[in-house]
Structures are given as structure tokens and as C-alpha cells.
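Side-chain atoms are counted along with the backbone in the values below, which use heavy atoms only and exclude waters and symmetry mates. Naming convention: chains lettered A, B, ... in sequence-line order (proteins, then strands); numbering from 1 in each chain.
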Protein chains: 2
Amino acid sequence: MSAKRTTVVKHLLLLGAYLQREAGRMLLDVDINQQQFVVLKEIQERGPMIQREICSAILFEKSNVSKIVKKLLKSGLVTSIPSAEDARAASLSVTPKGRLLIGRCMKKLNAWNRKWLEGLSEKELEAAVEVLDRIAAMAK
Amino acid sequence: MSAKRTTVVKHLLLLGAYLQREAGRMLLDVDINQQQFVVLKEIQERGPMIQREICSAILFEKSNVSKIVKKLLKSGLVTSIPSAEDARAASLSVTPKGRLLIGRCMKKLNAWNRKWLEGLSEKELEAAVEVLDRIAAMAK
DNA sequence: CATAAATGGTATCCATGTCAACTATATTCG
DNA sequence: CGAATATAGTTGACATGGATACCATTTATG
């Protein structure tokens, strides 16, 4: 019981570190890193949104999100307009350039994911999604 | 299918980053970071072992493991004796001080894991272990 | 056997993630 | 209302992880 929990946490820790490295390498030649990509994708999927919303969605530190957004703005992958409700915040959206880059990255990532996880049956994949959804929900 | 794979990878990426941060914070007051602890624990469980073995067991970069081991040696948590088989390598073991620290850390971590994952049923926990074992095996 | 290639490990440079302190605006409540 | 508190976001210092080049030894190969 306690051992199982420890196993789960250890796996998540190690797989997380491994994936961060691998994804980072894969994205090297598009001049974006793995966390920047995660934020960009999040904005595309659920945006327009402000930084706080990004933080709670993907569980990054706000200072980290702030720096990532700064880079994405600088590279012209997202745009920012002052929030109507809150003068401290800015509403972020993905630019056409950003959408283009997401497309290219997803192709690479999908190919890699497929290769990496091809040994998993459809059933296993479903089980994985289900259980990870559950666990992710507990983190919030 | 492809979407499910993406979901799995995304969850692993985000949960990994989240856990690294949380575990790191939890270990702050024992002056060790999360990766150092993972390496230390690995040496305790499967040691004595050399750096290369650590790398392939936990999928860290060798330059990273080298630095981590250096710190563990400096803090007196592990000891190193020249490997009998290979003059380039050194065999690493956990010291009594290291074992002590592992005990203290495990207490903290177990408490935290329990609290975090208490919503998971025994069945779900088993499903999680099973599927993560499978996925971890594919990473090697 | 000797040279080339591979491997275990280290040192250095650089990017990046975290923390803490801060500014500015919003919200709460006496 | 106005002071206190909370919240959105930024910044700078710092530690650390990854890439690279490198050394020493081991293994493979002509």
C-alpha cells in the first residue's frame, strides 16, 4: 500500500525527468524548449487566458510562467492584450506563427510518442489515460 | 489513439515537473535535493554499484549522475571504492549516515504520498503501478 | 601486438527553474 | 470609505541539469 504509493511517485518522478529531457532534445531544432511548448499549447487549447490560469492548469510556478511567456512574446508566438477584468493581467493568445510551430512540433512529438509507446495495447493505453487523469486531478 | 498517447505523455511531463518541485521542497530541510535522494536510494537498494549502472537504472545523464555522486560523497552519505573489474569506475555504497537520512526522508515522503494519493482506491493504485511499470520498461 | 574505437567518468559552459522580494492592482472588512 | 490583505505578474540571485569536450582505461580489430 505505502510501497505502491512510493512506486507510483518514483515512476512519475523518473519518467517525468526522462521525458522532459527527450522532449527538450526533440524540440531543440525549432528553438523552443519543452516547457515553453507546453505553455504555448495550453494557450492554443484553452486560450485566450491569463498567466494565473496557465499556472493552475499546468501546475507551473508563476515566476516560471512569467519568464516563459516573456520568451514566447519575444519570439512572436503569442500576443498579449490587457485584460478587461483585471488591470494587472494580460490576456494571451497564440499567433499564426505560433500555430504553425505547434503543428510542426506535434508532428515530431506524435512520431516519437508512437514509436516510444507502440508496445502498449489500446487497452493499456486507455488504462494509462484513466489512471493518470485521476492522479493529475489530485495534484490540483 | 494518437491523442491518447499525447495525453499520456503530457500527464507524465506535467506530473513529473510538479512532483520534482514538491519533493524538492519537502527535502529542503535535510539539505538534499530530489535527484540526489533518488540516486542515494538507488544505491541503497541495488548497490554497491557504479555510476553507469545508476544511469541505466534511473535514466539520468551520466554527467548529472557524476555531479550528484560528487555531492553525496562530499556530504558523507555514500562511500566509494575502486572497482575491481574496471579501473575507470568506482563502486558506491551508502554509509550509515546515508541510511539514516534515507529513513528520515522516507518518513516525510510517505506521509506526503499518503496525503496526496489518499483518494486512490487499492484497485486504482494497483492499476497505476502496473501501467507505469509497463511504460517505464519502454523507456529503457 | 598495436592501433582504433568504445566506454566510465569528470570539468566547463550555458540555459533554465525556483525562491524571495517587489510593484501594482483588487478585494475584504472594520 | 480606507486600511489591511490578497492576488497578478516581474525581476534578480542562485543552484542545478544538459551538452560538450576531455582524460583514462578497456575492448575490438587489423
Measure the distance from [atom1] on [X] to [atom2] on [N] and round it to the nearest whole Å.
| X | N | atom1 | atom2 | answer |
| --- | --- | --- | --- | --- |
| B:Arg52 | D:dT27 | CZ | P | 11 Å |
| A:Gln34 | D:dA19 | CD | P | 12 Å |
| B:Glu53 | C:dT7 | CD | P | 15 Å |
| A:Leu27 | D:dA19 | CG | P | 13 Å |
| A:Phe60 | C:dT18 | CZ | P | 8 Å |
| A:Met26 | D:dG18 | CE | C1' | 15 Å |
| A:Gln20 | D:dT16 | CD | C1' | 13 Å |
| A:Lys74 | C:dT16 | NZ | P | 11 Å |

Is the closest basic N to carboxylate O distance between [X] and [Y] below 4.0 Å?
| X | Y | value |
| --- | --- | --- |
| B:Arg52 | B:Asp86 | no |
| A:Arg46 | A:Glu53 | no |
| A:Arg25 | B:Glu61 | yes |

[X] has a side chain; which of [options] sits nearest to it?
| X | options | value |
| --- | --- | --- |
| A:Gln36 | D:dT20, C:dT16, D:dT10 | C:dT16 |
| A:Ala87 | D:dG9, C:dT10, C:dT25 | C:dT25 |
| B:Asn33 | D:dG17, C:dT16, D:dG18 | D:dG17 |
| B:Glu61 | D:dA19, C:dG17, D:dT25 | D:dA19 |

Quiz item: So what does A:Lys67 hit on the nucleic acid, given a heavy-atom distance under 4.0 Å: a base, only sugar-phosphate, or nothing?
Solution: base
Sugar-phosphate, base or nothing in reach of B:Ala90, heavy atoms under 4.0 Å: sugar-phosphate
Sorted by position of nearest nucleotide on DNA chain D, 5' first, the leading residue of A:Leu28 and A:Lys70 is A:Lys70
Residue pair A:Asn64/A:Ala17 against DNA chain D: nearer the 5' end by closest nucleotide is A:Asn64
**OP:** Using only heavy-atom distances, determine whether the side chains of A:Thr6 and B:Asn110 contain a donor-acceptor pair under 3.5 Å.
**Re:** yes
Check: Can you tell me if CD on B:Glu130 sees more than 12 non-hydrogen neighbours from other groups inside 6.0 Å?
Finding: no
Would you say [N] has OP1 or OP2 under 4.0 Å from some side-chain N or O of [X]?
| X | N | value |
| --- | --- | --- |
| A:Arg25 | D:dG18 | no |
| B:Ser66 | C:dT10 | yes |
| B:Gln35 | D:dT16 | no |
| B:Gln51 | C:dT10 | yes |
| B:Arg88 | D:dT26 | no |

d(A:Leu12 CG, B:Tyr18 OH) to nearest 0.5 Å is 11.5 Å
Between A:Ile68 and A:Asp86, the residue closer to the 5' end of DNA chain C by nearest nucleotide is A:Ile68
Sorted by position of nearest nucleotide on DNA chain C, 5' first, the leading residue of B:Ile50 and A:Glu85 is B:Ile50
